[in-house]
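Have a look at the structure below before the remarks.
In the text below, chain A, chain B and the rest are named by the order of the sequence lines, each starting its count at 1.
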Amino acid sequence: MQDTLNLFVMNIGQWLSANLGTLNNPDQIIVEIARWLRTEFGNWGVVGFILANLMATVPLIAVFSGCFALTTWLERKGLGRIQNRYGPNRVGPYGLFQPMADGIKMLLKEDIVPERADKIGHFLAPVIIMIPAMTGLVFLPIGRNIIAASIDSALLFFFAIGSIVSLSVFMAGWASHNKFSLVGGMRAIAQLVSYEMPLILSAVVVVMFVGSMNTSVIVEAQQIKSWVTSDAPALQCLGQVLGWHVFQPWGLMGFLLLFVSALAEANRSPFDLPEADSEIIAGHLTEYSGFKYALFFLAEYVNTFAIIGICTTLFLGGWNGPNIRPPWSDDPQALLIPGFVWFFLKIFVLMGIMIWIRGTLPRLRIDQLMGFAWKFLLPLAIINLLVAGCFYHMEWYFGWPFSILILCKSYAIVVRLNKSKLVNSNRTYTYA
Amino acid sequence: MNTSTGYAPRNYKIVKHKDKTLLEVAMGPHHPSTHGVFRMDVKLDGETIIDLIPYFGYLHRNHEKLAEDMTYFSTMPYTDRLDYLCSMTNNWAYALTVEKLANISVPERAEYIRVIIGELTRLVNHMLLVGFYINDLGAIGTPLLYALREREKILDLFEWASGARMMCNYLRFGGIREDVSDEWLASCNKLVDAFPYFLDEYDQLLTGNEIVISRSQGVGVLSKELAINAGITGPMLRASGVNYDLRKTDSYSIYDRFNFRVPLGQFGDCYDRFMLRLLEMRESITILKQALRDIPKGEIQSKVPPVLKPKPGEAYGRIESPKGELGFYLVSDGSVNPYRYRVRPPSLINLTLLRDLCIGHKLADTIIIFGSIDIVLGEVDR
Amino acid sequence: MKPFDIQPLTQRFPFVHADAFGNALIVPAKNLVSIVEWIQASRLYLCDTLSNVTGVDFLPKVIEEEGKDSEGNSVKIKKNIPGYIEVVYHFYSIELKRGPLTIKVRSNGRDNVRLPSLMPHYRSAEFQEREIFDLYGVYFEGHYDLRRLLMWESFEDFPMRKDYVPPNDNEYEPIASRHSGGDA
Amino acid sequence: MNGQGILKGMLVTAKNFFGSYVSRERLTTVSYPEGGNTIKEQSRNIPFLVFDGEDPVAGMRCTACQKCEKACPPQCIFIEKDKDERGKALQRPKVFDIDASVCMGCQICVEVCPFESIWMDSNFELSTFNRFEGLQFNREKLLKSNTYFHKIHPQQAQASDDRLAEKERKRLEREAARRAEKSASEPQV
């Protein structure tokens, strides 16, 4: 075992010296290391095969759990600052070790299972909710050819996996034999199922435009090829930014619809009815404590990351960002700043917006939630699909005004149709 | 105009559920948004409420029996614990009734300080209601913490004047216990000038908010006749459009010297009750400005025998407490202890129509309707 | 708030008389409902809200009185007044903005007291009458849902009565405390 | 109905978020153990007994008149009069217990005390490990010097000292008047 180890170390030294010299595309460092490791594992037989696969998935889980820890800290600090207070600042500098403290606390807490609960269902629910959360991450193109599995039907697979969440939430609600969690579970099914429709329809627009469901192809399509290959650095930066789908009229509408239904899919603020703490205590999570609760918490956040990742991939140009070609390298596709920097920047910006929404907006009622999905988001998504179709076949000077006009008009019509007669917001208060 | 509204006929018909089993949920004493220890047994068909039975008594300390064994003066600190959010208005109602019973006069400066303290307590109570109402709607903490931030400044003033933030025990029969210094009046002035900014921030944050509008308009509509007949008083009655404010009708103490307006609602639903509190806060600011402007110098308590023994008789004194008409009915038989000491709790009587308002609405609406009624369990259960 | 003048009421119902303190009206139990209906409807009173319902418990007591005995010299005569439970109603008129009209109803005797309920006429009496039933033991006929308001269902006694003896379940306190019967 | 209200609300929270980084005084948190507590001069918690001079028991102002014991609403004060060795009653309480777990800090004992001997302390760190010995404040624990009183409640202490001085001066005047009157009536005898 000793000699293989120093052989291994010697190889690294040799490889580094070979490559460092001519580092022509900086953002591919990780890809180079991964490719080299994979060739190294190749000659280790079965162990190497397992290690190669693990190498693709374990960093994914580690990175996104790290993001989860960072987001809990970000959320509590952000909400604190919105509410004119500091937020956690006792555990570590600026409270940075707070997620670790929460994790330890969750581990030490006793895991109470209600006596008449359905033990198996109660135990399996957090396990099952972890599956869609983690597998959803596989299709996110984090950087240029840094992707766990670049398969052709990535989007289809993602939305199929995403629907398992409602199964596990209801299992949690039903199994904990508690009236409030039953109501919470029922609400979760109604909400998650009815928000799948606008979610998928607003994603279909991008597939229609790009022509393929492979996420890395979609991201590639969001660059203006001619500008990127030109040699003026300013043009290269703009080429990678102005190509995003969000700067198209149908793209902006699609992004807004996708973001709002992503809020609902991830049970985030205005739609957090399944665990509405002022009405049904903690919804389906009422009877969970200790590490099972932490698992639910982790799965909810990683699920949010997955859906936000899809939002950035489809509309905000995944890993594209104002990036230039390093002058010293001759490879036309090289980039100076690695792709995953832009990807995680966009994810945390969208997460910040979600935290900001959570700090401001109250909750919808269950019938308004349903009405919002079926009578507001769905028609807009369908109209957006039609407009995108027409836009594709029209010249740009004709397509832009047409689509902007149609989208704004349809938004106004749908808003007026949805105004319920009970609500007349211009109230007059007489003074006696 | 015989307004006998019998109990059985209600404005919604009860659907007899023979086939379907109803989900009976006890929104029990231990529930995040029952503002204290209060239980509602609710029969649910899906999310709609079919029947709702309120249960009281979890915080019952038999305050009235205690008062019968103690002297008039020793009961004063216990009146703080009735509606523990606005302790000084309870003291004021009790002091007013004892002054009516033993006809004790109150000097000018004490009356002005009582009005200032009363209106500050009204601000504290309405802020808390608005904060908790939005918190029940689902905005986790932000509007509530803005309200609590402003409440802290007023509680500091209370601590400065009376020594305690909530359990102030500050009023005495015939005046108040300690005089307030001029710096106190100056900082009160500063607070009153800065307060409308908080109200504007609240208006911008909430009153236009589509989710708040769609969730509270048209929910828990209370008709004018039913409200009057059910003895509802305070902002909940005025939200249904009835012009009945004891500060104007009774004009007790020196309220007739201040000109202020009484806002009235139009539909009497949760949104009107919520908006009423915001508008009443602005009126309290005008009263505070006038009171702080012309507060005279002078002594703060008239001569009262240390152990009060009022001659046999009875008195019913009432004030416009932030929650409604808070009345005290005292019967004295000439001895040191009151023979009968009765508190008319506005919170309990405003809850009479909880069942009528909630039936037919969703589960989430009962929390909103219950929150908009603004009750404190200390006063409900006494 | 301008108080009501009792004149038209006493003329209309001669059997009503003022009480010892002068500002309340004592009404016999059997025609309370007719008076209340008249008050609600008549233009003079228009009492549309019943603000306060209170129970007061009077123990039987023996008072001496100056009286002439058989030979004409004044001697103290023992006269015992039977105990009763009194229910005090405060009516207000929001229409006319007129002050309290206080009506008192006295029961004869203090055990299994039965008085007419005003709940069909005033919804505000619902909880207040339930509380009087709970703490004083007055059974209100006509009340739709008369059960204990504050005490728990299986509680037998009526705590606010003057002759109520609270159970001696004080918490264990190993200090010289004055709670008589405390285990100290 | 079309989203302006929500956006206006979001602006308010954004203003608060960025405002808290701009101006520190927007933040309301008071970090408690590191100082910065906001105890005012009038704030009150549990009563304490004042004694003048050095020796607590000798300089005690309380004369065990038991007025505060009768007036205390929750009856949490317990006093026993002191007797010297020959059994003659002394104007001093041998036992003066306050049950801090029952006392609600209502300051009624301070108002009824004719000898300015009991005042309200503003110290609130009273947590102990057991309810009975820890929260039973006996006489030794309650007695605090006048200088302590001046430190925590300067104005109240000054006012009570003036009243005591006033009472002392009046007593001396009456003493002098009676002596003068006695000396005036003596020579005729």
Side-chain angles (χ1 to χ4, degrees), chain A residues 75-76 78-85 178-184 186-187 190 268-273 275-282 286 355-372 376 415 418-432, chain B residues 23-27 30-33 44 46-47 134-146 148-149 205-215 217-219 221 238 241 243-245 248 261-267 269 271-272 275-276 279 283 362-368 371:
Chain A
E75 177 139 28
R76 291 175 62 167
L79 280 183
R81 283 294 178 167
I82 284 179
Q83 293 160 2
N84 297 328
R85 53 187 171 83
N178 169 337
K179 291 195 174 86
F180 289 124
S181 49
L182 182 67
V183 172
M186 299 288 221
R187 285 183 175 184
R268 287 293 296 189
S269 164
F271 308 98
D272 55 359
L273 265 84
E275 78 254 357
D277 37 24
S278 67
E279 290 135 24
I280 40 173
I281 304 184
T286 325
I355 294 170
W356 179 18
I357 288 175
R358 177 166 184 227
T360 328
L361 296 185
R363 199 174 294 124
L364 281 172
R365 206 178 41 209
I366 184 72
D367 52 337
Q368 291 161 351
L369 185 82
M370 290 302 128
F372 189 68
F376 190 85
V415 161
N418 268 321
K419 215 154 136 60
S420 80
K421 54 194 172 320
L422 286 173
V423 169
N424 35 29
S425 54
N426 38 30
R427 288 287 174 91
T428 55
Y429 291 95
T430 56
Y431 281 91
Chain B
L23 181 68
E24 273 172 49
V25 180
M27 307 263 278
H30 189 65
H31 187 276
S33 53
L44 288 177
E47 287 261 347
I134 299 298
N135 210 18
D136 289 350
L137 267 180
I140 301 149
T142 318
L144 177 62
L145 277 157
Y146 290 167
L148 292 180
R149 174 192 72 206
L205 181 66
L206 293 172
T207 41
N209 193 320
E210 274 75 15
I211 299 179
V212 169
I213 285 178
S214 62
R215 275 223 39 199
Q217 286 193 351
V219 169
V221 179
R238 291 192 286 277
N243 175 10
Y244 187 62
D245 183 337
K248 288 279 188 190
R261 304 173 307 179
V262 175
L264 299 179
Q266 201 178 352
F267 295 89
D269 53 10
Y271 187 74
D272 273 1
M275 273 304 286
L276 246 293
L279 297 173
E283 296 313 316
K362 291 281 184 296
L363 182 66
D365 291 336
T366 51
I367 303 291
I368 305 303

Testing the basics here: between [X] and [Y], what is the closest heavy-atom pair and its distance to 0.1 Å?
X      : Y      : answer
A/Q83  : B/G141 : NE2-C, 3.7 Å
B/T142 : A/T360 : OG1-N, 4.4 Å
A/S278 : B/D136 : OG-O, 2.8 Å
A/F180 : B/M27  : CE2-SD, 4.0 Å

Nearest 0.5 angstrom please: [X] [atom1] to [Y] [atom2], how far?
X      : Y      : atom1 : atom2 : answer
B/H31  : A/I281 : NE2   : CD1   : 5.0 Å
A/Y431 : B/N243 : OH    : CG    : 13.5 Å
B/E210 : A/L364 : CD    : CG    : 11.0 Å
A/R363 : B/I134 : CZ    : CD1   : 12.0 Å
B/L276 : A/Y429 : CG    : OH    : 7.0 Å

Quick one: what part of [X] sits under 4.5 Å from any heavy atom of chain A, side chain, backbone, both or neither?
X      : result
B/N135 : backbone
B/R215 : both
B/L144 : neither
B/I140 : both
B/I367 : side chain
B/L205 : side chain

Counting neighbours of CE on A/M186 that are heavy atoms of other residues, nucleotides or ligands and sit closer than 6.0 Å, is the number greater than 12? no
Which one wins on heavy-atom pair count under 4.5 Å against chain A: [options]?
options                       : value
B/Q266, B/E24, B/R238, B/M275 : B/Q266
B/L264, B/L44, B/L148         : B/L264
B/T366, B/L137, B/L23         : B/L137
B/L363, B/D272, B/D245        : B/D272

Hey, is the main chain of A/I366 close enough, under 3.5 Å, to the side chain of B/E47 for a donor-acceptor pair? no
Dump the intermediate steps for side chain to side chain contact (heavy atoms under 4.5 Å, CB included) on B/V25 and A/I280, then the final yes or no. CA-CA 10 Å; B/V25 180; A/I280 40 173; over 6 Å; no
Under the criterion side chain to side chain contact (heavy atoms under 4.5 Å, CB included), I'd like the reasoning laid out for A/R365 against B/V219: C-alpha separation, chi angles, the key distance, then a yes or no. CA-CA 12 Å; A/R365 206 178 41 209; B/V219 169; 3.7 Å; yes
